[in-house]
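What follows is a single structure, written as structure tokens, with notes after it.
Numbers for residues simply follow the sequence, beginning at 1.
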Amino acid sequence: MARKKNETVEWIKAISIAVIIAAIIRFFFFTPIVVDGESMMPTLHDQNRMIVNKISYKIGGPDRFDVVVFHAPGGKDYIKRVIGLPGDHVEYKNDTLYINGKAYEEPYLDQYKSELDDGMPLTEDFKLEDIPGGDKVVPEGEIFVMGDNRRNSRDSRAIGSVSLKKVVGTTSIVYWPFNEIRTVD
């Protein structure tokens, strides 16, 4: 009887330790997120499930074109692409991204541009200072983000730049549905 009781106590300890470790990993290192909406089409689809890496920005800052998750106004988490870093001047002209006066290619938009082919630009012209709350450059400690579905994305053009303190982490792995498992560029 004592042996059975010891075995039960050991199982309870093992399960408790496993739950604690899983909670620590989820809270501090990685967490799942579900894509809600079509603002990142065609890169990400509604209801894709992804893993958010929470530690990458604790070690280093964001890189241009990273896909990030952040706490947005209204208590929701948004998934968008980093376009402008602190100190950058961001502008769109003739469907081309200019950062600090230099044109940048955005190959992740090529598929969408060819699918639309309706004579309208995917991204309307704008300058950073023309958006609500916009400065001439992205403020220190903040990033400028945009969805890949530029015609249907609530991003920094509407909500302003995003404080790095609100960034949950970066995401690049789609794990669900199984037929869409991949890494995202």
Side-chain angles (χ1 to χ4, degrees), residues 33-48 50 52-54 56-57 60-172 174 182-185:
I33 191 163
V34 178
V35 176
D36 182 19
E38 298 180 349
S39 72
M40 283 298 291
M41 291 281 290
T43 307
L44 300 173
H45 302 107
D46 187 37
Q47 300 303 305
N48 278 164
M50 304 184 74
V52 179
N53 177 344
K54 293 180 163 187
S56 60
Y57 291 160
D63 291 323
R64 190 175 328 284
F65 307 126
D66 281 356
V67 176
V68 296
V69 175
F70 62 94
H71 302 304
K76 289 188 75 175
D77 285 346
Y78 283 6
I79 300 174
K80 305 293 179 195
R81 191 176 297 274
V82 175
I83 301 297
L85 299 170
D88 283 348
H89 179 269
V90 178
E91 179 179 3
Y92 255 92
K93 196 168 32 181
N94 300 321
D95 220 9
T96 301
L97 169 64
Y98 292 89
I99 298 173
N100 302 322
K102 178 184 173 196
Y104 277 79
E105 290 186 19
E106 296 178 281
Y108 47 86
L109 297 179
D110 291 345
Q111 174 190 348
Y112 216 37
K113 285 180 179 181
S114 67
E115 286 175 5
L116 292 174
D117 196 27
D118 58 5
M120 302 279 295
L122 179 60
T123 309
E124 293 292 325
D125 291 356
F126 74 88
K127 290 182 180 179
L128 190 62
E129 58 265 24
D130 296 336
I131 64 168
D135 294 315
K136 288 198 180 273
V137 297
V138 179
E140 282 302 314
E142 298 186 6
I143 54 177
F144 186 88
V145 297
M146 294 176 74
D148 290 355
N149 184 353
R150 302 292 167 77
R151 292 181 182 176
N152 187 23
S153 177
R154 183 166 166 76
D155 51 36
S156 286
R157 294 172 293 173
I159 64 172
S161 56
V162 176
S163 170
L164 287 170
K165 293 176 182 173
K166 292 185 177 188
V167 175
V168 176
T170 184
T171 185
S172 61
V174 175
R182 68 189 186 288
T183 59
V184 176
D185 295 328

Shortest non-hydrogen pair, Met146 vs Met40, comes out as O-SD, 4.3 Å
Looking at OH of Tyr78 and OG of Ser153, how far apart are the two atoms once the value is rounded to the nearest 0.5 Å?
8.5 Å
Please name the pair of heavy atoms, one in Ser161 and one in Pro139, separated by the smallest distance, quoted to 0.1 Å.
OG-CD, 3.6 Å
Please report the closest heavy-atom contact between Thr43 and Tyr108, naming both atoms and the distance.
OG1-O, 4.1 Å
Salt bridge (Lys or Arg N to Asp or Glu O under 4.0 Å): pairs with one or both residues in residues 66-77, sequence neighbours excluded
Asp36-Lys76
Those residues at least two apart in sequence (or on a different chain) that pass salt bridge (Lys or Arg N to Asp or Glu O under 4.0 Å) with Arg154 are none
Which residues satisfy the side-chain hydrogen bond (donor to acceptor under 3.5 Å, both in side chains) test with Arg151, sequence neighbours excluded?
Asp118
Can you tell me how far apart NZ (Lys136) and CD (Glu91) are? Round to the nearest 0.5 Å.
10.5 Å
Thr96: which residues meet the side-chain contact (heavy atoms from CB on, under 4.5 Å) condition with it, sequence neighbours left out?
Tyr98, Ala103
Apply side-chain hydrogen bond (donor to acceptor under 3.5 Å, both in side chains) to Ser39 and list each qualifying residue two or more places apart in sequence or on a separate chain.
Lys80
Report the residues that fulfil salt bridge (Lys or Arg N to Asp or Glu O under 4.0 Å) with Asp63, sequence neighbours left out, ordered by chain and then residue number.
none
For Pro62 and Ile143, the nearest pair of non-hydrogen atoms, with its separation, is CG-CG2, 3.8 Å
Kindly give the heavy-atom pair with the smallest separation between Ile79 and Val69, and that separation in Å.
CG1-CG2, 3.8 Å
List in chain and number order the residues that pass salt bridge (Lys or Arg N to Asp or Glu O under 4.0 Å) with Glu106, two or more places apart in sequence or in another chain; answer none if no residue qualifies.
Arg150
Has Arg81 got a side-chain atom pairing as donor or acceptor with Phe65's backbone, closer than 3.5 angstrom?
yes
Which residues pass the ring-ring contact (aromatic ring centres under 6.0 Å, His included) test with Tyr104, not counting sequence neighbours?
none
Under the side-chain contact (heavy atoms from CB on, under 4.5 Å) rule, collect the residues that match up with Asp95, sequence neighbours excluded.
Lys113, Pro121, Leu122, Thr123
Between Val90 and Arg157, is any pair of side-chain heavy atoms under 4.5 Å apart?
no
Sequence neighbours excluded, which residues qualify as side-chain hydrogen bond (donor to acceptor under 3.5 Å, both in side chains) partners of Asp88?
Arg64, Asn100
Return a table of donor-acceptor pairs under 3.5 angstrom between the side chains of residues 164-172 and protein atoms on other chains or two or more places apart.
{"residue": "Thr170", "atom": "OG1", "partner": "Val67", "partner atom": "O", "Å": "3.0"}
{"residue": "Thr171", "atom": "OG1", "partner": "Ile51", "partner atom": "O", "Å": "2.8"}

How long is the gap from OG on Ser163 to NE2 on His71, to the nearest 0.5 Å?
10.5 Å
Which pair of non-hydrogen atoms, one from Val145 and one from Asp155, has the smallest distance, and what is that distance?
O-CB, 3.3 Å
